[in-house]
There are 2 protein chains.
Amino acid sequence: MRKGAETRERILEIAEASVLAKGFGATSIEEVIAEAGITKSGFFYHFKDKNELARALMLRYVEENDRIFDDVFHRGRQLSDDPLQSFLITLKLLAELMGDLPNGHPGCLIATFTYQERLFDRTVRDIASDAVRSWNGRFRDALNEIAAVYPARKGMDLDDVAIMFSCVVDGGIIMSRGLGDPRVLERQILAFRSVVKMLFAPAASDIMLPSAPTAIAAE
Amino acid sequence: MRKGAETRERILEIAEASVLAKGFGATSIEEVIAEAGITKSGFFYHFKDKNELARALMLRYVEENDRIFDDVFHRGRQLSDDPLQSFLITLKLLAELMGDLPNGHPGCLIATFTYQERLFDRTVRDIASDAVRSWNGRFRDALNEIAAVYPARKGMDLDDVAIMFSCVVDGGIIMSRGLGDPRVLERQILAFRSVVKMLFAPAASDIMLPSAPTAIAAE
DNA sequence: AATTTACTGTACCGGCGGTACGGTTTTCAC
DNA sequence: GTGAAAACCGTACCGCCGGTACAGTAAATT
């Protein structure tokens with residue numbers, strides 16, 4: 001009972017690392033069970049086939065990411081009452097989180113799965129797309145809160161800006177790997193942060209209007 | 001001689017589609033040859049193993065993309081003498097290109113390969129990373145040219161902005177697929193374009209300085 | 001006509017995903 | 001402590017796939 005959950009977790013951990021390094025199709029069950037120190041029968045006791053492994057991996061990844069976002073948005077709100085400042089803090093925390101990973105970001109499961117979508121059934125894809133939608137929603141909500149206080153510069157749709165964060169992260173992971181420089185991801189998140197700052201900075205045309213509330217934290 | 005090149009090309013086309021849909025590890029040679037209407041012997045006549053197929057796919061992809069960038073940067077320069085305007089035109093052309101693809105962008109081979117890097121030898125990875133570096137270089141050069149005329153706003157490193165384009169494209173492709181909306185990619189490129197505009201737009205602090213040359217094209 | 005190119009056909013190996021099923025040990029509830 | 005459920009192990013097997021080997025052949029090129 002208890003031990004079963006442990007083994008299951010170990011399988012998932014090993015499988016995730018392999019999937020992120022070689023792709024799902026190239027991840028062999030035999031390899032996973034060898035590393036986990038169990039037999040094939042043991043594996044199929046926990047997952048009835050490879051697709052169920054995929055679903056479990058995706059669920060685990062989504063829940064983990066949800067927790068991270070919960071935490072980092074919460075801390076952002078704790079450190080400032082101003083929506084812009086707290087969002088900037090959140091972004092900085094996210095950048096630090098990514099930068100502190102010793103070997104770079106291990107990879108985004110969503111990205112690997114969307115690039116191998118023909119391998120999975122609908123349920124797996126639905127979990128992924130629902131998660132992406134919810135994460136984008138968090139960022140859009142944060143941007144909307146800011147826009148209620150600070151007038152945004154024209155020319156950019158806030159929905160697109162929200163999605164841009166996800167793009168920058170997924171793209172940043174790919175670039176970090178492709179260029180062999182783990183710091184690219186952190187820098188890209190900080191670049192996105194600068195975009196948010198620019199977006200809500202008073203434009204030239206606004207110079208004579210009463211200035212917005214002064215910044216508290218986040219340099 | 002002539003016919004051999006045709007067959008080779010057909011194999012590459014079929015393999016690329018499969019790799020982008022299922023990943024390289026899950027792309028079976030048997031499937032490819034079945035669709036191409038040749039035998040396994042015929043396949044191994046053209047590629048001595050799967051890794052050589054990967055290398056050929058990567059080379060083909062890189063060359064194709066180089067041509068596209070050549071074309072789109074050239075047209076941008078043709079349509080305006082101003083470096084900012086011509087870059088904005090180039091970005092708009094790229095966005096249109098991506099938006100006109102009927103079934104959305106088929107996928108970025110660089111992205112699939114970096115997420116399956118353990119499957120390939122160094123030569124393949126080197127081709128990919130050299131290509132990414134050269135593409136980022138194009139964008140950084142364009143930004144430097146602009147910065148020589150228009151003062152950039154502080155807070156963003158131009159190298160990071162250049163890399164951001166690649167991130168937005170690769171991330172945009174993933175988001176387009178994940179959300180099931182092919183237009184996301186186009187919108188993300190246009191959002192990046194807006195970032196460039198903001199970056200070089202006169203800031204509030206510059207309002208009293210003589211204004212920069214007026215825009216010619218690219219709304 | 002000779003040679004090279006571009007394949008086909010056949011046979012084979014080992015690894016892998018997956019199934020089936022019977023047996024065994026560990027854990028927990030009572 | 002015992003019984004039942006949980007958590008595995010062992011073995012045997014199937015078909016697909018990557019890859020090798022090698023002999024043969026039709027078509028294009030020289």
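Reckoned from all heavy atoms, side chains included, excluding hydrogens, waters and symmetry mates. Convention: sequence-line order gives letters A, B, ...; per-chain numbering from 1.
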Check: A:S86/A:S80 side-chain N/O donor and acceptor closer than 3.5 Å: no

Backbone of A:C167 reached by a side-chain donor or acceptor of B:Q188 within 3.5 Å: no

Atom pair distance, as rounded to whole Å: CD1 in B:I33 and C1' in C:dA6: 15 Å

Side chain of A:I38 - closest among D:dC9, D:dA6, C:dC7: D:dC9

Under 4.0 angstrom between B:H46 side-chain N/O and C:dA6 OP1 or OP2: no

A:T7 side chain near D:dC8 phosphate (N/O to OP1/OP2, under 4.0 Å): yes

d(CG, B:L53; C1', D:dG19) in whole Å: 14 Å

Interatomic distance, A:F47 CZ vs D:dA7 P [rounded to whole Å]: 12 Å

Side-chain donor or acceptor of B:S176 paired with backbone N/O of B:L185 under 3.5 Å: yes

Parallel, tilted or perpendicular: ring planes of A:F113 versus A:F120, cut at 30 and 60 degrees: parallel

Residues B:D82, B:R77: salt bridge by 4.0 Å N-O rule: no

Nucleotide-resolved protein contact map, nucleotides 11-24 of chain C, B/S/- at heavy-atom distance under 4.0 Å: -----SBBB-----

Atom pair distance, as rounded to whole Å: CD in B:E6 and P in D:dA28: 11 Å

Phosphate contact (C:dA6 OP1 or OP2) by B:Y45 side-chain N/O below 4.0 Å: yes

B:T90 versus B:R75, side-chain donor and acceptor atoms under 3.5 Å: no

